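Since the structure comes first, as structure tokens, the remarks are kept for the end.
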2 protein chains.
Amino acid sequence: MSPTGPYAKGIAKREEILTAALGVIARLGCRKAAIREIAEAAGLSHAGLVHYFGSREALYEQVLRERDERDAAMFDEVEPTFAMYVKLVEHNATVPGLVQLFIEYSAEASAPGHPSRDFFVDRYNRIRAALSRAVIVAQRNGEVGPQVQPESVADVIMATTDGLQLQWSLDRSVDMVGRLRELWDGVRRTSWALDPLP
Amino acid sequence: MSPTGPYAKGIAKREEILTAALGVIARLGCRKAAIREIAEAAGLSHAGLVHYFGSREALYEQVLRERDERDAAMFDEVEPTFAMYVKLVEHNATVPGLVQLFIEYSAEASAPGHPSRDFFVDRYNRIRAALSRAVIVAQRNGEVGPQVQPESVADVIMATTDGLQLQWSLDRSVDMVGRLRELWDGVRRTSWALDPLP
DNA sequence: GTCTATAAAAGGATAGAC
DNA sequence: GTCTATCCTTTTATAGAC
């Protein structure tokens with residue numbers, strides 16, 4: 001995979017297309033971002049772009065897949081922690097096109113029969129597993145109490161993250177990281193005091 | 001507004017269109033739901049539908065607007081409570097088309113320049129205000145401690161709700177109400193113990 | 001108020017040349 | 001690997017008859 005290898009040009013062009021896609025999506029949103037316009041922004045014809053990805057859905061799925069692979073490198077090698085997760089969210093706030101793509105494309109893909117539906121189902125399962133491990137690690141540390149259900153907490157953290165991204169897309173002053181930290185603090189406090197509520 | 005008044009037929013047809021729209025969206029998703037197909041499902045021509053609403057965006061916004069008006073009747077007349085909010089979420093789970101529309105259309109509308117963007121910005125402000133009041137009421141009752149920031153909690157509850165709806169759309173076994181109740185229990189427990197965390 | 005018909009714009013996919 | 005050209009489908013919008 002050396003940069004001077006036989007596919008160097010193809011790989012570079014591919015990256016260029018992915019970057020161009022994020023730019024167009026940040027500007028127009030994912031629904032209005034035509035494959036034609038992305039091609040133009042990437043400096044090639046629309047047929048040329050199709051040559052690389054095959055379809056609009058494949059292109060978008062690929063952008064998100066590569067983001068996940070970059071993130072997974074961070075998440076998989078050591079024990080996952082909530083602090084690492086927050087770092088990813090923090091980074092997202094610097095890539096508006098990626099967030100916009102995720103918001104719109106995950107929503108679109110949740111429809112019955114969508115070609116990327118399975119990708120997102122798998123993705124949530126993967127992240128739930130990683131976040132559950134983070135909770136379990138925190139429980140081993142004594143940071144979080146033993147009564148908490150790791151998977152439930154994982155689901156709520158994922159949901160909050162997604163919902164905050166939508167709010168942030170509508171209003172840039174929303175503090176995603178702040179809200180997420182408050183949620184986590186709540187989990188930590190809660191879990192040591194599980195006597196019945198009045 | 002009697003059912004035999006001069007506009008009775010128009011109003012009834014209008015309702016029929018809105019219901020048909022939800023059916024088509026539940027089946028195909030909002031992106032793939034063509035205005036033509038909705039018209040057909042409602043038993044009129046596509047031009048006839050346009051006569052009522054003017055555009056795809058206006059139709060979808062109207063569906064969500066009327067849902068909100070029904071819900072607001074419940075939320076505005078008395079002091080809002082978290083229990084009432086959960087009832088609304090519980091009801092959503094019986095209307096998959098409405099949830100699918102909300103997921104996809106709110107995502108789409110968060111893009112720059114979208115005609116329904118302001119509708120959603122206003123909507124979040126409105127719901128944030130109502131949920132904040134619910135927290136304040138709970139604080140007056142002593143159900144929630146005084147240290148909690150009502151608006152922060154409101155933002156997290158809204159975000160969690162939206163995110164859970166997406167998860168639920170991808171996997172019907174997700175328990176939206178259960179997760180939401182756990183979150184609220186967490187808020188109640190948390191808020192009485194705000195000494196610094198380790 | 002509803003239809004038919006048509007426009008006309010845009011999106012996506014494909015074929016074939018270079 | 002990239003372009004031009006073309007095609008097919010979909011989508012929305014409009015005009016005008018009934």
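Scope of the values below: all heavy atoms of this structure, side chains included, with no hydrogens, waters or symmetry mates. What you see is a predicted model; the values in this text were computed from it and never measured. Note on naming: letters A, B, ... go to the chains in the order of the sequence lines (proteins, then strands), and numbering restarts at 1 for each one.
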Inset, instruction - May I have the step-by-step check of side-chain contact (heavy atoms from CB on, under 4.5 Å) for N92(A) and R67(A), ending in yes or no? - result: CA-CA 10 Å; N92(A) 284 344; R67(A) 184 263 297 258; 3.2 Å; yes
**Q.** Trace of the side chain to side chain donor-acceptor pair (under 3.5 Å) decision for S116(A) with Y60(A)
**A.** CA-CA 9 Å; S116(A) 291; Y60(A) 289 163; over 6 Å; no
Practice item. Kindly determine whether S55(A) and V50(A) satisfy side-chain contact (heavy atoms from CB on, under 4.5 Å), including the steps that lead there. Key: CA-CA 6 Å; S55(A) 74; V50(A) 169; over 6 Å; no
Working for side-chain contact (heavy atoms from CB on, under 4.5 Å), residues W184(B) and Y85(B): CA-CA 11 Å; W184(B) 181 245; Y85(B) 181 80; over 6 Å; no
Practice item. Walk me through it: do I25(B) and L98(B) pass the test side-chain contact (heavy atoms from CB on, under 4.5 Å)? Key: CA-CA 8 Å; I25(B) 290 166; L98(B) 197 53; over 6 Å; no
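For H114(A) and F119(A), the ring centers sit 6.0 Å or farther from each other.
Comparing dT14(D), dT14(C), dG1(C) by their nearest atom to the side chain of H51(B) picks out dG1(C). Comparing atom distances between the S55(B) side chain and each of dA13(D), dA15(D), dT4(D) picks out dA13(D) as nearest. If you check dG11(C), dA5(C), dT4(D) against the side chain of S45(A), the one that comes closest is dT4(D). Distances from the side chain of H46(A) to the nucleotides dA13(D), dA5(D), dG1(C) place dA5(D) closest. The side chain of L44(A) sits closest to dC3(D) out of dA13(C), dA5(C), dC3(D).
Looking at heavy-atom distances under 4.0 Å, A34(B) makes contact with sugar-phosphate atoms alone, never a base.
In this entry the distance linking NZ of K32(B) with C1' of dT10(D) reads 9 Å, nearest Å. One can place CD1 of I11(A) at 10 Å from P of dG1(D), the figure rounded to the nearest angstrom. With rounding to whole Å, F53(A) atom CZ is found 15 Å from dG12(C) atom P. If you measure from atom CG of L28(A) to atom C1' of dG11(C), you get 14 Å, rounded to the nearest angstrom. Following rounding to the nearest Å, E16(A) (CD) and dG1(D) (P) show an atom-to-atom distance of 15 Å. dT14(C) atom P lies 14 Å from atom CG of L49(A), rounded to whole Å. Protein atom OH of Y52(B) is 13 Å distant from nucleotide atom C1' of dC3(C), rounded to whole Å.
A side chain to side chain contact (heavy atoms under 4.5 Å, CB included) with T160(A) is found for one member of I157(B), D155(B), T160(B) and no other, namely T160(B).
Taken residue by residue, residues 17-26 of chain B places no heavy atom nearer than 4.0 Å to DNA chain D. Within a heavy-atom distance below 4.0 Å of DNA chain C, the residues of residues 35-42 of chain A found are I35(A), R36(A).
No donor-acceptor distance shorter than 3.5 angstrom exists from the side chain of E57(A) to the backbone of P115(A), with no hydrogens or angles considered.
Applying the side-chain contact (heavy atoms from CB on, under 4.5 Å) criterion to R31(A), with sequence neighbours excluded, gives E104(A), R31(B), R56(B), E108(B).
Heavy-atom nearest nucleotides on DNA chain D were determined for G43(A) and for R31(A), and the one closer to the 5' end corresponds to G43(A).
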